[in-house]
Structures are given as C-alpha cells and as structure tokens.
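One-based numbering, in listed order, for ligands and for the atoms of each. Treat the numbers as computed from the prediction; the structure is a model and nothing was measured.
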Amino acid sequence: MMKKSYDVIIIGAGIIGCCVAFELAKKGHKTLNIDKLPAAGYGSTSNSCAIIRLHYSTPDGVSMAREGYYYWLDWGKYLQTVDESGLIKYVNTGCVVVKTERNKYLKNVMRSLDELNVIYQELDAAGMKSVMPIIDSRAYGPPVLSGDERFGEPSGDAVAGAIYVPESGFISDPQLSTHNVQRACEAKGGEFAFNAEVAGILKKDGRVAGVALKDGTEIKARIVVNVAGPHSYLINRMAGVEEEMNIKTRPLRQEVCHVPSPEGFDYNSLGTMISDGDAGCYSRPEVGNHVLIGSEDPDCDNLEWVDDPDNYNKNFTNQWKTQTMRGAQRLEGLPIPNKMQGVVDLYDCSDDWIPIYDKSDLPGFYMAIGSSGNQYKNAPVAGVLMTELIQKVEGGQDHDKDPVKFVMKYTGRLCDIGFFSRLREINPDSSFSVIG
Ligand SMILES: Cc1cc2nc3c(=O)[nH]c(=O)nc-3n(C[C@H](O)[C@H](O)[C@H](O)COP(=O)(O)OP(=O)(O)OC[C@H]3O[C@@H](n4cnc5c(N)ncnc54)[C@H](O)[C@@H]3O)c2cc1C
C-alpha cells in the first residue's frame, strides 16, 4: 500500500530508475519508484541490446563504462541480495570496432581507452579474420541507403583496420536485471508503485513537493527524480524546467534485427560483437544462434524522431532489411530472411548523444535522462552519481557553478558530474551516434 509521502519519488522503474532508487535507499532515504507499466524494466530497458562495451569517444565516456563494467561482473555483491527469479549473467564476447573516417580512425577512442588502461589490440584485415573467421574485412563504407547503386558493393579491398577490445559483452536479460535491482532496493526499504501514471508535478514554496497521478492521487516528496526514459521531456515539461535546458531530449525510433546465424557457424559460442561504422551497424550474438543487428546511425539515414512516445510505428519498415543487409556485408553467409524479427523501440536521445545527469532550476527536481541508446551499461554508476549529486545539492552546493565530483569506487577516478550538465554546450567530441 502506497504511503502519502516519501523522501524521494523516482519517476520510472527502468534500469536507471531502479539503480538510482537502490543507491538512495542504501543511504537511508525512503524512496518510491512510480511506473505506469505493470513491472520493472518493461519500458525501453526491456528492448535494450544490453551491450556492455568500453569504447567511447571521450575519456569521461570510457571511464564511466569502465566503472559500470565492474558492477556487472560483481553483480551479486552489488545487489547484496538474491532475487527469487534468478540473477542475470554477463556474457563476454569481445568487440571488434572498425576504423572509419567518421570515427576518426578511432584516434579519440584509443586515446580514451589508453587513459583508462583498457586493453585492446589493433587489427588489420587478416587480424579481424583471426578473431572471427566469417568476417568479411572488405570496405563497404561510407554507408549509403539501400536504393543507392553503391549499396552492398565493396568500396575497397580492406577496411582501414579495427581494434579488438576483449573486455566487452552483453547482459543475458535486461528486464530481469531491472527486477534484480528492484528486489535489492526493496531489501533496503525502497517501494514501487506500478500501473501508476504521473500526470503532474506538485510544487510548494518555490520547490518540488511531489507528484499527482492520473487518477488524482497526490504523493508528497521533497525530491523528485525524472528517470522516465523516452518520456523524459514530457515530465520536464510538467515540471516547467525544459525551457532553461541548453541540451534537450527527444524520443528516437530504432529497429533492431534478429536473424539466424550463417549456416554451420556457432555464433553463440564463437561470435564476437562488431561495432561497424563502415557498414553502419553493430551486431552481437543473440539467443537461439541468432545475430542481433542494430544501427550505428550512419549519416545517410534519416533519423526518425517521434512526437508521441505513446503512439509510434511499432512495425518493422524497410530499415529492417537495410540494416540486415548491412550486417551481411560484414558476416559471410548471413541469411536475409523474409520473416522480420527483432524489436522496435525508442531511445531517449539528447542533442549530443551524451546523457543528462543533473539538477534543474526547480529546487528538489532532478533528472537522469537522455540515455541516447548507450547508458544501460552505466545504470549502476548513474545510481551512485545521482545519489552523490542529490545529497550535495540538498546540502547546499551550487552544482551549476561548482560541479559536484566524486571518486568512483572501482576505477578510483574522479567523476565530474558537470560533464553531464543540462546547461553544457553541445560536446564536439561526441560521435553523435549511439556510440556516445
Ligand atoms: C533498442 C535499444 C537498444 C539499446 N541498446 C543498448 C546497449 O546495447 N547498451 C547500452 O548500454 N544501452 C542500450 N540502450 C539504452 C538503454 O537501454 C537505456 O539507456 C536504458 O534502458 C534506459 O533506462 P531508463 O531507466 O532510463 O528508461 P526506461 O527503461 O525507458 O524506463 C523509463 C520508465 O519510465 C516510465 N514512465 C514514463 N513516463 C511515465 C509517467 N508519466 N508516469 C509513470 N511512469 C512513467 C516508463 O513506463 C518506463 O518504464 C538501448 C536502448 C534501446 C531502446
């Protein structure tokens, strides 16, 4: 039974919302996660590819992913509890990242990996094949649309090269991982309300005072955190804080393809993740000896911004076929089935594809949004980060002028939360894609 007041209300019970609540509950705050869906992780988290990789274009991006990686490895210890549904598993596959002109031949990425002492190997075409024999190492890029006469035709004998990052993989079940965190949070006293939709943000004396649900129920809290995923901009509008933000968020439609692996190849056991800016897609093993193929948002593609996250096309389009054919450029013998399988869902995309972890101009109202298709892996770190931020700001620190910093537990690196500010200028070092 929901009480009438809490210390902190978290809007959303996806992976990030649950991790934020868990950390706050560990610090003794009485938390309530509110979600309009029937269970934790049923929003965009449920369709996440749940890739855990370390290559990002900025040292801050790499360091957060590096920190997050250890939480996934140490999952049981992080949770400090068991879940009757079982715990998720991290599956290590390694990742081949292809060098392209657009990603500056991975110069920024390698520099950032070096700074964090992440091990990787530089590969030429033959080296790529030695990692996975079914890789076609010819160049096909820069990517073009499927109607272009150049589509599917090699543009060179070999790609510019690649790096192999052995510490990369994915989480077996993103929805279950969220349930795991829900149970961990509950063990620390956190509460959850499902099938409950936030329709308004309450204010009193110039600060947030709680939320109003669609059925009219009012729940009081001095702190409210927007972790509403692709609905984040709607919650910010309810709070009246969107206007003052320099970086904003919008839902972006994505199709992810599942296709059978090339015949005779045990992709589940031998498959490697590929981040392929040359073909314009990424791929990883998927259960049932399938290959999962997502988009790396090449320049030629029209990004499909969605006006209403509750009403968009959930069917596959021509994008599915284009993406599968792009995957087939890199994987010899990949079949292009007639039956389209996979998922359609939304990224909560920020203007520079870097998340916003911040306060707002409304005292007590915070946001962990703009995850841009690449923050599943960082969710446990985001939980710690938001807790540090909330505690320091509530303690009087002026985060906009004097950004809160904290030392990350595993890497020992200082995380400057100001990097994720809503007031930042667009970060020119970003890849402006899901790579972040
Ligand atoms: C197709 C796809 C592939 C991805 N692949 C990867 C990947 O490989 N690696 C990676 O690191 N990241 C990936 N991501 C990104 C990652 O999944 C997200 O960053 C992460 O799941 C976001 O979690 P969240 O808790 O912020 O949001 P969500 O899981 O979307 O949760 C938000 C919740 O808020 C609730 N909500 C919204 N509005 C209201 C309201 N008014 N009242 C009550 N509840 C509300 C929703 O019901 C929802 O459950 C991918 C994302 C997608 C869509």
Q: Geometry only, no angles: is Tyr347 polar-contacting ligand 1 at N/O separations under 3.5 Å?
A: no
Q: Kindly identify the option in Asn33, Asp35, Thr45 whose heavy atom sits closest to atom 23 (O) of ligand 1.
A: Thr45
Q: Evaluating non-hydrogen atoms only, which member of Val343, Val227, Ile10 is closest to atom 32 (C) of ligand 1?
A: Val227
Q: Tell me whether Pro230 has any N or O atom under 3.5 angstrom from an N or O of ligand 1.
A: no
Q: Can you tell me which residue and heavy atom of the protein come closest to atom 45 (C) of ligand 1, and the distance to 0.1 Å?
A: Lys36 CG, 3.9 Å
Q: Measure the distance from atom 41 (N) of ligand 1 to every protein heavy atom, then report the residue, atom name and distance (to 0.1 Å) of the closest one.
A: Val198 O, 3.1 Å
Q: Tell me the nearest of Leu346, Asn47, Asn195 to atom 53 (C) of ligand 1, using heavy-atom distances.
A: Leu346
Q: Can you tell me if Ile235 has a non-hydrogen atom under 4.0 Å from ligand 1?
A: yes
Q: For Ala368 and ligand 1, does the shortest N/O to N/O distance drop below 3.5 Å?
A: no
Q: Can you list the ligand 1 atoms lying under 4.0 Å from a non-hydrogen atom of Gly373?
A: 5 (N), 6 (C), 10 (C), 12 (N), 13 (C), 14 (N), 15 (C), 50 (C)
Q: What do you reckon, does Ser371 have a nitrogen or oxygen under 3.5 Å from a nitrogen or oxygen of ligand 1?
A: yes
Q: Checking a contact table here: which protein heavy atom is nearest atom 11 (O) of ligand 1, and how many Å away?
A: Lys377 NZ, 2.6 Å
Q: Check Glu296 with Arg102, please: is the shortest side-chain N to carboxylate O separation under 4.0 Å?
A: no
Q: Considering heavy atoms of the protein only, find what lies nearest to atom 4 (C) of ligand 1 and give residue, atom and distance to 0.1 Å.
A: Cys49 N, 3.4 Å
Q: Tell me the nearest of Gly200, Ala13, Ser44, Ala193 to atom 30 (O) of ligand 1, using heavy-atom distances.
A: Ser44
Q: Check the side chains of Ser295 and Gln254 for a donor-acceptor pair under 3.5 angstrom, ignoring hydrogens and angles.
A: no
Q: I need the atoms of ligand 1 closer than 4.0 Å to a non-hydrogen atom of Gly17, numbered in the order shown.
A: 25 (O)
Q: Need the ligand 1 atom indices (1-based, order shown) with element for anything under 4.0 Å from a heavy-atom of Leu37.
A: 47 (O), 49 (O)
Q: Please check if any side-chain donor atom of Thr249 sits under 3.5 Å from a side-chain acceptor atom of Ser232, or the reverse.
A: yes
Q: Should the pair Trp75 and Tyr78 be assigned to parallel (<30°), tilted (30 to 60°) or perpendicular (>60°) ring geometry?
A: tilted
Q: Quick one: which ligand 1 atoms are inside 4.0 Å of a heavy atom on Asn374?
A: 10 (C), 11 (O), 12 (N), 15 (C)
Q: Mark yes or no: Arg284 above the aromatic ring of Phe170, with NZ or CZ under 6.0 Å from the six-membered ring centre and no more than 45 degrees from the axis.
A: yes
Q: Kindly confirm or rule out an N or O of Val256 lying under 3.5 angstrom from an N or O of ligand 1.
A: no
Q: Tell me which one of Lys30, Glu191, Arg222 satisfies side-chain hydrogen bond (donor to acceptor under 3.5 Å, both in side chains) with Tyr6.
A: Glu191
Q: Can you confirm whether the side chains of Glu394 and Tyr366 place a donor and an acceptor under 3.5 Å from each other?
A: yes
Q: Between CZ of Arg326 and CD1 of Ile293, what distance do you get to the nearest 0.5 Å?
A: 11.0 Å
Q: With distance as the sole criterion, is a donor-acceptor pair present between the side chains of Asn427 and Asp352 under 3.5 Å?
A: no
Q: Any side-chain donor-acceptor pair under 3.5 Å between Ser177 and Tyr376?
A: yes
Q: Checking the N or O distance criterion of under 3.5 Å, is ligand 1 in contact with Ala50?
A: yes
Q: Give yes or no for whether the N/O distance cutoff of 3.5 Å, strictly under, is met between Asp345 and ligand 1.
A: no
Q: Gly14 heavy atoms, cut-off 4.0 Å: which ligand 1 atoms fall inside?
A: 25 (O), 29 (O), 31 (O)
Q: Charged N to carboxylate O under 4.0 angstrom, Arg422 versus Asp400?
A: yes
Q: Should Tyr42 be counted as touching ligand 1, given the test is an N or O pair under 3.5 Å?
A: no
Q: Using a heavy-atom cut-off of under 4.0 Å, does the side chain or the backbone of His231 touch ligand 1, or both, or neither?
A: side chain
Q: Tell me the protein heavy atom at minimum distance from atom 17 (O) of ligand 1, and give that distance in Å.
A: Ser48 OG, 2.9 Å
Q: Can an N or O of Tyr376 be found at a distance shorter than 3.5 Å from an N or O of ligand 1?
A: yes
Q: Which residue and non-hydrogen atom of the protein lie closest to atom 27 (O) of ligand 1, and at what distance in Å?
A: Gly229 CA, 3.6 Å
Q: Considering the heavy atoms of Gly12, write down every atom of ligand 1 situated less than 4.0 Å from one of them.
A: 33 (C), 34 (O), 35 (C)
Q: Should the ring pair Tyr347 and Trp353 be called parallel, tilted or perpendicular, given that the plane angle runs from 0 to 90° and is split at 30 and 60?
A: perpendicular
Q: Does ligand 1 come near enough to Ile11 that some N or O of the ligand is less than 3.5 Å from an N or O of the residue?
A: no
Q: Minimum distance, heavy atoms only, to atom 8 (O) of ligand 1: which one of Ile51, Ile34, Val20 is it?
A: Ile51
Q: With a 6.0 Å cut-off on the ring centroids, do Tyr69 and Tyr410 count as close?
A: no
Q: Have a look at Tyr282 and tell me which of Asp276, Ile51, Ile274 forms a side chain to side chain contact (heavy atoms under 4.5 Å, CB included) with it.
A: Ile51
Q: For Ile369, which of Ile356, Ile235, Val227, Ile16 qualifies under side chain to side chain contact (heavy atoms under 4.5 Å, CB included)?
A: Ile356
Q: Are Ala196 and ligand 1 in contact, using a heavy-atom cut-off of under 4.0 Å?
A: yes
Q: How about Tyr312 and Asp307: does a side-chain donor come under 3.5 Å of a side-chain acceptor?
A: no
Q: Heavy-atom count check: over 12 atoms from other residues, nucleotides or ligands less than 6.0 Å from Lys405 NZ?
A: yes
